[in-house]
Amino acid sequence: AVVSTQSKQWYQRRVHGEYLQAKHKEKMLQNFLTFVFLSCFVMDKGNSCSARSVRPVNRKELSGGVAASVELIKEKLVEKGFNIFTTVDHTKNAAGVDLELRPTTVIIFGNPKVGTKLMQCAQEYAIDLPQKVLVYEDADGKVWAVVNNQMALADRHGARGCEALVEKVNGVLGGLLESF
């Protein structure tokens, strides 16, 4: 079969056009990634460009039910010198508006001496203080205790220059979680 010169030229232009489109997309992606990378430095002085990946929360499976676990955790918190500010029973609150929720309770606790230092480091830390421990039953009937990962909160709030304090608080909360 004889292919006309016109058909060859059309095919070559089409292939070349697709090649140029692909190159254009590649260049646009490169420019976008360069913009994002440089934005880290301009907007946040390079601090948000860290490659670390931090889990937002730490959790531990518990052996008792939610109610018993909440009481045990409150005892441990008082034992360790923490103030318990309040306990929120989300299941009870849900029932009050005719909704169902598996057992879910949050214990709000803290130590103002330490919390104040975190807020002095990054005032927006205050939105995540006092500390909290969530105790809940999942769909499989397992009971979990969950606390915020302080490294993630420090990242979230741009806490700089107080890494030792954040690591210490994270260690204390991690040890506390393991004691439940």
Side-chain angles (χ1 to χ4, degrees), residues 36 39-40 43-44 46-180:
V36 170
S39 294
C40 291
M43 301 299 283
D44 197 22
N47 293 323
S48 66
C49 296
S50 64
R52 70 179 168 178
S53 176
V54 178
R55 287 183 306 181
V57 295
N58 297 318
R59 64 177 51 90
K60 179 186 178 196
E61 186 176 354
L62 305 177
S63 57
V66 170
S69 295
V70 165
E71 291 310 311
L72 173 72
I73 290 169
K74 286 165 76 173
E75 286 174 20
K76 294 241 182 211
L77 289 169
V78 169
E79 223 175 77
K80 300 282 185 184
F82 290 100
N83 297 332
I84 297 177
F85 298 110
T86 193
T87 303
V88 180
D89 184 340
H90 287 298
T91 306
K92 181 179 173 185
N93 293 336
V97 292
D98 297 323
L99 294 172
E100 290 183 22
L101 181 66
R102 288 186 303 275
T104 305
T105 301
V106 175
I107 304 164
I108 301 173
F109 69 98
N111 176 334
K113 193 172 186 175
V114 176
T116 301
K117 289 178 183 176
L118 290 169
M119 289 182 278
Q120 287 171 334
C121 180
Q123 201 155 5
E124 289 183 4
Y125 221 115
I127 199 159
D128 286 303
L129 295 173
Q131 299 290 344
K132 297 159 203 67
V133 60
L134 163 64
V135 183
Y136 74 97
E137 181 181 307
D138 70 12
D140 297 325
K142 295 178 181 176
V143 175
W144 297 90
V146 181
V147 295
N148 279 319
N149 182 326
Q150 299 305 299
M151 308 304 274
L153 290 182
D155 259 2
R156 176 180 173 193
H157 299 302
R160 305 287 181 259
C162 54
E163 289 80 7
L165 173 64
V166 171
E167 287 177 20
K168 183 176 181 181
V169 173
N170 205 47
V172 167
L173 292 176
L176 194 60
L177 182 64
E178 288 307 308
S179 75
F180 301 154

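No more than 12 heavy atoms of other residues, nucleotides or ligands shown are found within 6.0 angstrom of CD1 on I127.
Of all heavy-atom pairs spanning G110 and F85, the tightest one is N-CE1, 3.5 Å. Of all the heavy atoms in A145 and V133, the pair that sits closest is CB-CG2, 4.3 Å. In this structure, M119 and A126 approach most closely via the heavy-atom pair SD-CB, 3.4 Å. In this structure, P56 and A152 approach most closely via the heavy-atom pair CA-CB, 3.8 Å.
How far OG1 of T91 is from CD of E137: 9.0 Å, rounded to the nearest 0.5 Å. Between the CD1 atom of I108 and the CG atom of L134 there is a distance of 11.0 Å, given to the nearest 0.5 Å. Rounding to the nearest 0.5 Å gives a distance of 4.5 Å between CG of L153 and CG of N148. Atom CD of Q131 is separated from atom CG of N83 by 12.5 Å, given to the nearest 0.5 angstrom.
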Would you mind writing out the side-chain donor-acceptor pairs for residues 61-80 within the sub-3.5 Å range, not counting sequence neighbours?
unit_1	atom_1	unit_2	atom_2	d
S69	OG	G65	O	2.7
K76	NZ	S179	O	3.3

Can you list, pair by pair, the side-chain donor-acceptor contacts under 3.5 Å of residues 162-173, counting residues two or more places apart and other chains?
unit_1	atom_1	unit_2	atom_2	d
E163	OE1	G161	N	3.4
E163	OE2	G161	N	3.4
N170	OD1	Q150	N	2.8

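Panel note: side chain N149, backbone N58; no donor-acceptor pair is recorded below 3.5 Å.
Identified under the ring-ring contact (aromatic ring centres under 6.0 Å, His included) test for residues 155-180, with sequence neighbours left out: Y125-H157. Within the structure, side-chain hydrogen bond (donor to acceptor under 3.5 Å, both in side chains) contacts touching residues 93-112 (residues at least two apart or in different chains) do not occur. Residues in residues 93-118 take part in these ring-ring contact (aromatic ring centres under 6.0 Å, His included) pairs, two or more places apart or across chains: F82-F109.
K132 places none of its side-chain heavy atoms less than 4.5 Å from the side chain of V147. Residues I107 and I84 form a side-chain contact, since some pair of their non-hydrogen atoms from C-beta on lies under 4.5 Å apart.
Evaluation of the side chain to side chain contact (heavy atoms under 4.5 Å, CB included) rule for A95 yields no partner, not counting sequence neighbours. Legend: residues meeting side chain to side chain contact (heavy atoms under 4.5 Å, CB included) with R59, ordered by chain and number and at least two apart, are V57, Y136, W144, V146. Take D128 and apply the salt bridge (Lys or Arg N to Asp or Glu O under 4.0 Å) test, not counting sequence neighbours, and it matches R156.
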